[in-house]
**Q** 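Please read through the structure below; I'll follow up with questions.
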Amino acid sequence: MAPAPFPTQLHADRDRRAVVDSGALPWHPSPLAGVERRLLERDGGEVARATSIVRYAPGSRFSPHGHGGGEEFLVLEGVFSDEYGDYGAGTYVRNPVGSAHAPFSEGGCTILVKLRQMDPADQTRVVIDTGSSTFVPGLVPGLTVLPLHAFGLEHVALVRWEPGTRFPLHAHPAGEEIFVLEGVFEDEQGAYPAGTWLRNPPGSRHVPFSGGGCLIWVKTGHLDQGLAAPQG
């Protein structure tokens, strides 16, 4: 039996809040054998503005392809590879608009990946091993930050919250996106355990905290850029 088609419109309105438990989602096959996806947001068909959890089975390979709208990913488990190198768990990579590669994984891996969400003027390739990088003190006690990238209003970082850390009420004029890597992240609207993807739209406000501590990947300032998602 053929697998059910995946949705081409999923949490596509970036002016709406979205909260997704990625661990509860089904795996959808990709066009390449051994590569599967859990869909967090999508606007388009196989060529789409998308945020996904992508799993490579051991020995799987993806055909050479370009990134017309750029690619950003964080390796969650295993080792992801392409002709430019090997990227172990915790590695953050940005391949800019117009880049191309042929990815594979000899031992298998899982990555958080965002496609077609980059400013074409941002042509900096980024590769950061977050496991060997130094976090710096954040804006409140108990918060430490590892900056990953900044361009225009967009800022990307890992943020570690010690148990009991609270941040004051604040707004996100151009939105915020979070993926919880460890522990439980919280705000006045709920608690978000590891594996949760959270999008707060432009103009949103909240009071975040973590009772037990957590580690999150966070991106701010990017949701009002109006980057179009091609169809097809």
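As the structure is a computational prediction, the values presented were derived from the model and not from experiment.
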**Q** Got Leu139 and Val145 here, is their nearest side-chain heavy-atom distance under 4.5 Å?
**A** no

**Q** Nearest 0.5 Å, what's the CZ-SG distance between Phe209 and Cys214?
**A** 10.5 Å

**Q** Please report the interatomic distance CG(Leu148) to CD1(Ile128), rounded to the nearest 0.5 Å.
**A** 5.0 Å

**Q** List for me each residue that meets side chain to side chain contact (heavy atoms under 4.5 Å, CB included) alongside Arg125, sequence neighbours excluded, and say none if there are none.
**A** Asp82, Tyr84, Tyr87, Val93, Asn95, Pro96, Val127

**Q** Under the 6.0 Å and 45° cation-pi test, does Arg37 pair with Trp27?
**A** no

**Q** With a 4.5 Å cut-off on side-chain heavy atoms, are Pro193 and Val180 touching?
**A** no

**Q** Show the nearest heavy-atom pair for residues Ala48 and Gly45, with the distance to one decimal.
**A** CB-O, 3.3 Å

**Q** Do any N or O atoms from the side chain of Arg38 and from the backbone of Leu25 form a donor-acceptor pair under 3.5 angstrom?
**A** yes

**Q** Please name all residues satisfying side chain to side chain contact (heavy atoms under 4.5 Å, CB included) with Arg160, sequence neighbours left out, ordered by chain then number.
**A** Phe135, Thr144, Glu162, Glu182, Leu215

**Q** From Leu112 CG over to Thr51 OG1, what is the distance, rounded to the nearest 0.5 angstrom?
**A** 7.0 Å

**Q** Which residue pairs pass the ring pair (Phe, Tyr, Trp, His ring centres under 6.0 Å) test with at least one member in residues 56-76, sequence neighbours excluded?
**A** Tyr56-Phe80, Phe62-His65, His65-His67, His65-His101, His67-His101, Phe73-Phe80

**Q** Give the minimum heavy-atom separation between Ala171 and Arg205, together with the two atoms involved.
**A** CB-CG, 3.7 Å

**Q** How long is the span from the CG atom in Leu153 to the CG atom in Leu223, to the nearest 0.5 Å?
**A** 11.0 Å

**Q** Name all residues meeting the salt bridge (Lys or Arg N to Asp or Glu O under 4.0 Å) criterion together with Arg94; count only those two or more places apart in sequence or in a different chain, and write none if there are none.
**A** Glu72, Asp122, Glu154

**Q** Taking side chain to side chain contact (heavy atoms under 4.5 Å, CB included) as the definition, give me every residue that meets it alongside Ala191, ordered by chain and number, with sequence neighbours left out.
**A** Val184, Glu186

**Q** Using the side chain to side chain contact (heavy atoms under 4.5 Å, CB included) criterion, which residues pair with Ser81? Sequence neighbours excluded.
**A** Val79, Asp86, Phe104

**Q** Would you confirm whether Ser105, through its side chain, and Pro58, through its main-chain N or O, come within 3.5 Å as a donor-acceptor pair?
**A** no

**Q** Can you confirm whether Ile178 sits close enough to Trp217 that some side-chain heavy atom of one is under 4.5 Å from a side-chain heavy atom of the other?
**A** no

**Q** Could you walk me through whether Leu181 and Ile216 pass the side-chain contact (heavy atoms from CB on, under 4.5 Å) check?
**A** CA-CA 5 Å; Leu181 297 167; Ile216 63 174; over 6 Å; no

**Q** Got His149 and His155 here, is their nearest side-chain heavy-atom distance under 4.5 Å?
**A** no

**Q** Once you round to the nearest 0.5 Å, how far does CZ of Arg42 lie from NE2 of His28?
**A** 9.5 Å

**Q** Quick one: which residue pairs count as a salt bridge (Lys or Arg N to Asp or Glu O under 4.0 Å) with a foot in residues 58-68, not counting sequence neighbours?
**A** Arg61-Glu106

**Q** If hydrophobic clusters are built from ILVMFWY residues whose side chains come within less than 4.5 Å, do Val113 and Leu198 share one?
**A** no

**Q** Would you indicate whether the side-chain heavy atoms of Val54 and Thr110 approach each other to under 4.5 Å?
**A** no

**Q** Could you give all pairs that pass the side chain to side chain donor-acceptor pair (under 3.5 Å) test and reach residues 187-201, with sequence neighbours left out?
**A** Arg17-Tyr192, Arg17-Asn200, Glu41-Arg199, Glu176-Asn200, Glu177-Trp197, Asp187-Tyr192, Asp187-His206

**Q** Answer yes if Val19 and Trp161 sit in the same cluster of Ile, Leu, Val, Met, Phe, Trp and Tyr residues linked by side chain heavy atoms under 4.5 Å apart, and no otherwise.
**A** yes

**Q** Taking all atoms of both residues into account, what is the closest heavy-atom pair of Gly212 and Pro163, and its distance?
**A** O-CG, 3.5 Å

**Q** Give me the other members of the hydrophobic cluster that Val207 sits in, counting Ile, Leu, Val, Met, Phe, Trp and Tyr linked by side-chain heavy atoms under 4.5 Å, directly or via other members.
**A** Leu169

**Q** Please name the pair of heavy atoms, one in Thr130 and one in Gly90, separated by the smallest distance, quoted to 0.1 Å.
**A** OG1-O, 2.5 Å

**Q** Looking at every non-hydrogen atom in both residues, tell me the closest pair between Ser22 and Gly195 and how far apart they are.
**A** OG-O, 2.6 Å

**Q** Strictly by modelled atom types, are Ser99 and Gln123 linked by a side-chain donor-acceptor pair under 3.5 Å?
**A** no

**Q** Taking all non-hydrogen atoms of both residues into account, name the closest pair between Ser63 and Pro103 and its distance.
**A** O-CD, 4.3 Å

**Q** Given the rule in the side-chain contact (heavy atoms from CB on, under 4.5 Å) test, do Ser60 and Leu32 qualify, once you have shown the distances and angles that lead to the verdict?
**A** CA-CA 8 Å; Ser60 58; Leu32 275 296; over 6 Å; no

**Q** Is there side-chain contact between Phe185 and Ser210, with at least one heavy-atom pair below 4.5 Å?
**A** no

**Q** List the residues meeting ring pair (Phe, Tyr, Trp, His ring centres under 6.0 Å) with His11, not counting sequence neighbours, and say none if there are none.
**A** none

**Q** Does any part of the side chain of Thr165, heavy atoms only, come nearer than 4.5 Å to the side chain of Phe167, both counted from C-beta?
**A** no

**Q** Is there a path of hydrophobic side-chain contacts, each under 4.5 Å between heavy atoms of I, L, V, M, F, W or Y residues, that connects Val126 with Phe179?
**A** yes

**Q** For the CG atom of Leu39 and the OG1 atom of Thr8, what is their distance to the nearest 0.5 Å?
**A** 10.5 Å

**Q** Taking the side chain as every heavy atom from C-beta outward, state whether Leu10 and Leu40 have any pair of such atoms under 4.5 Å apart.
**A** no

**Q** Got a sec, which residues hit side-chain hydrogen bond (donor to acceptor under 3.5 Å, both in side chains) with Ser132, two or more places apart in sequence or on another chain?
**A** Asp129

**Q** Do Val156 and Val159 share a hydrophobic cluster, counting only Ile, Leu, Val, Met, Phe, Trp and Tyr and linking them when any side-chain heavy atoms are less than 4.5 Å apart?
**A** no

**Q** Grouping I, L, V, M, F, W and Y whenever their side-chain heavy atoms are under 4.5 Å apart, do Leu76 and Leu146 come out in a common cluster?
**A** yes

